[in-house]
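Comments concern the structure below.
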Amino acid sequence: MAFHAPLPHLQGSFSLNRFQNALRTEDLGRSFIGRRTTTSTMEIAQRELDEGCPHGTLVFAEEQTQGQARLESRTWNSPPQGNLYLTLILRTSEESKWNVMMSLLPCSALALVAACRSEGVEAKIKWPNDVWAENRKLAGMIARHDGLGNFQLGIGINVNSEMSRVNTINAISVKEAAGRGIDRETFLANYLLSLEDLLKQSRERVLQMYTNEGLFKAGDKIYVHPHERGMDQPGYPAVVTGYSSSFELMVLNWPNTGDRTTLSPQEVSARPQ
């Protein structure tokens, strides 16, 4: 598939040629739409979906003015500082859409961990859909679908930012964790290749890998924050017991009732104690 992007808008920044040379996927990223600045790559992706873009289309921006986050009350800080802000479009079959619905975010998080490792950065998945390094947030992602097998995977990755200058609390970039600048084109190509491979794996295999790469391990003490209270309110303590087959976090409410509970990412967030 051909790359298509408004090259004058990207000149001097993200190199399409280097990205194309590094890309080894079959479909993901083979159709490329780039912008210098946009409100949100998710908005462009929705228009592209409506107009019939191919599976694997990647929408990229150097800057987002209204980057979307997992919770509608928040936005993703997206300054033009050499990071990766993108939305990937996936078109799936009727038979596979339910498995993709369950596995897309876990596969994306695992692929990002692998891309970080290729740069010498030890990263972990902070349930449900963040990637952390050195106990700080490095990336976040969201997924949307239309029920017909069409998905938008939105990703924000702190690649080359100096987060201390962005006024973002508890955040880190790949550059800061690695101690050197990162070639975004190669990093993105590595991420897409890993994601394409992971999406072909069984859900059982993905769950095993997700459990191994999770920041929260069985026995860890965490704080659970119900969304209805807000993250600025104290969470309740719990002990992790594992992950369910649908990638929900299973905990023991402690020291309150002692009941075992399965947490939904639509209802709560979690942080380490």
Counting N and O atoms only, with roles assigned by atom type, does the side chain of Arg180 sit under 3.5 Å from a partner on the main chain of Glu119, one being a donor and the other an acceptor? yes
State which residue, out of Leu192, Leu104, Thr41, fulfils the side chain to side chain contact (heavy atoms under 4.5 Å, CB included) condition with Leu88. Leu192
In terms of heavy-atom contacts, Pro106 and Val206 come closest through CB-CG1, 4.1 Å
Restricting to non-hydrogen atoms, name the atom on Met42 and the atom on Arg144 that form the minimum distance, rounded to 0.1 Å. CE-CD, 3.8 Å
Heavy-atom pair with the smallest gap, counting every atom of Ile89 and Cys53: CD1-SG, 3.4 Å
Under a 3.5 Å cutoff, is there a donor and acceptor pairing between the side chains of Ser108 and Tyr191? yes
Taking CD in Glu94 as the centre, count heavy atoms belonging to other residues, nucleotides or ligands within less than 6.0 Å. Is the count above 12? no
Just by distance, do the side chain of Glu185 and the backbone of Ala22 share a donor-acceptor pair under 3.5 Å? no
In Å and rounded to the nearest 0.5 Å, what is the CG to OG1 distance from Asn190 to Thr25? 11.0 Å
Identify the heavy atoms of Thr38 and Ala61 that sit nearest to each other, and give their distance. CG2-CB, 3.7 Å
Backbone N or O of Arg271 within a donor-acceptor pair of the Lys126 side chain at under 3.5 Å? no
Could you tell me if the side chain of His145 sits less than 4.5 Å from the side chain of Val100, heavy atoms only? no
Without swapping roles, check the side chain of Asn158 against the backbone of Ser161 for a donor-acceptor pair under 3.5 Å. no
Under 3.5 Å donor-acceptor, Ser244 side chain and Glu248 backbone: yes
Does any part of the side chain of Leu110, heavy atoms only, come nearer than 4.5 Å to the side chain of Glu213, both counted from C-beta? yes
Phe247 side chain near Leu207 side chain, heavy-atom distance below 4.5 Å: yes
Do any N or O atoms from the side chain of Arg260 and from the backbone of Met250 form a donor-acceptor pair under 3.5 angstrom? no
Do Ser13 and Glu62 get their side chains close enough for a donor-acceptor pair, meaning under 3.5 Å? yes
Could you check if a side-chain atom of Asn129 sits within less than 4.5 angstrom of a side-chain atom of Pro265, using non-hydrogen atoms only? no
Spacing of Leu49 atom CG and His55 atom NE2 [to the nearest 0.5 Å]: 11.5 Å
Looking only at atom types and distance, does a side-chain atom of Glu196 sit under 3.5 Å from a main-chain N or O of Glu26, one as donor and one as acceptor? yes
Can a donor-acceptor pair be found, under 3.5 Å and without considering hydrogens, that links the side chain of Glu134 to the backbone of Ile172? no
Mind checking whether Leu198 and Trp98 sit in one hydrophobic cluster, side chains of I, L, V, M, F, W, Y counted as touching below 4.5 Å? yes
Is a side-chain N or O of Lys217 found less than 3.5 angstrom from the main chain of Gly242, in a donor-acceptor match? no
Going by heavy atoms in the side chains, are Leu249 and Val224 under 4.5 Å from each other? no
Look up atom OG1 in Thr87 and atom CD1 in Ile142, then write down how far apart they are to the nearest 0.5 Å. 7.0 Å
Kindly list each side-chain donor-acceptor pair under 3.5 angstrom involving residues 149-156, sequence neighbours excluded, with atom names and distances?
| unit_1 | atom_1 | unit_2 | atom_2 | d |
| --- | --- | --- | --- | --- |
| Asn150 | OD1 | Arg91 | NH1 | 3.2 |
| Asn150 | ND2 | Asp146 | OD2 | 2.8 |
| Gln152 | NE2 | Gln46 | OE1 | 2.7 |

Is atom CG of Asn135 surrounded by more than 12 heavy atoms (other residues, nucleotides or ligands) closer than 6.0 Å? no
Identify whether Leu112 and Tyr210 are in the same connected component of the hydrophobic contact network (ILVMFWY, side-chain heavy atoms under 4.5 Å). yes
Would you please say whether a donor-acceptor pair under 3.5 Å links the side chains of Asn83 and Arg184? no
Starting at CD of Glu63, measure out to CZ of Arg36 and round the result to the nearest 0.5 Å. 9.5 Å
Do Met141 and Val131 come within less than 4.5 Å of each other through their side chains, counting heavy atoms only? yes
Least distance between heavy atoms, Ala270 atom then Trp127 atom: CB-CE3, 4.2 Å
Min side-chain heavy-atom separation Gln273-Pro237 under 4.5 Å: yes
At what distance, to the nearest 0.5 angstrom, does OG1 of Thr261 lie from CG of Asn253? 3.5 Å
Drop me the distance from Leu188's CG to Leu193's CG, to the nearest 0.5 angstrom. 11.5 Å
With Val251, the side chain to side chain contact (heavy atoms under 4.5 Å, CB included) member among Thr241, Val268, Leu263, Asp220: Leu263
Side chain proximity check, Tyr85 to Ser40, heavy atoms < 4.5 angstrom: no
Where Phe19 and Ala189 come nearest, the two heavy atoms and their spacing: CE1-N, 3.9 Å
Decide side chain to side chain contact (heavy atoms under 4.5 Å, CB included) for Asn21 and Arg18; before the verdict, give the C-alpha distance in whole Å, the side-chain angles of both, and the deciding distance to 0.1 Å. CA-CA 5 Å; Asn21 289 337; Arg18 284 208 309 273; 5.6 Å; no
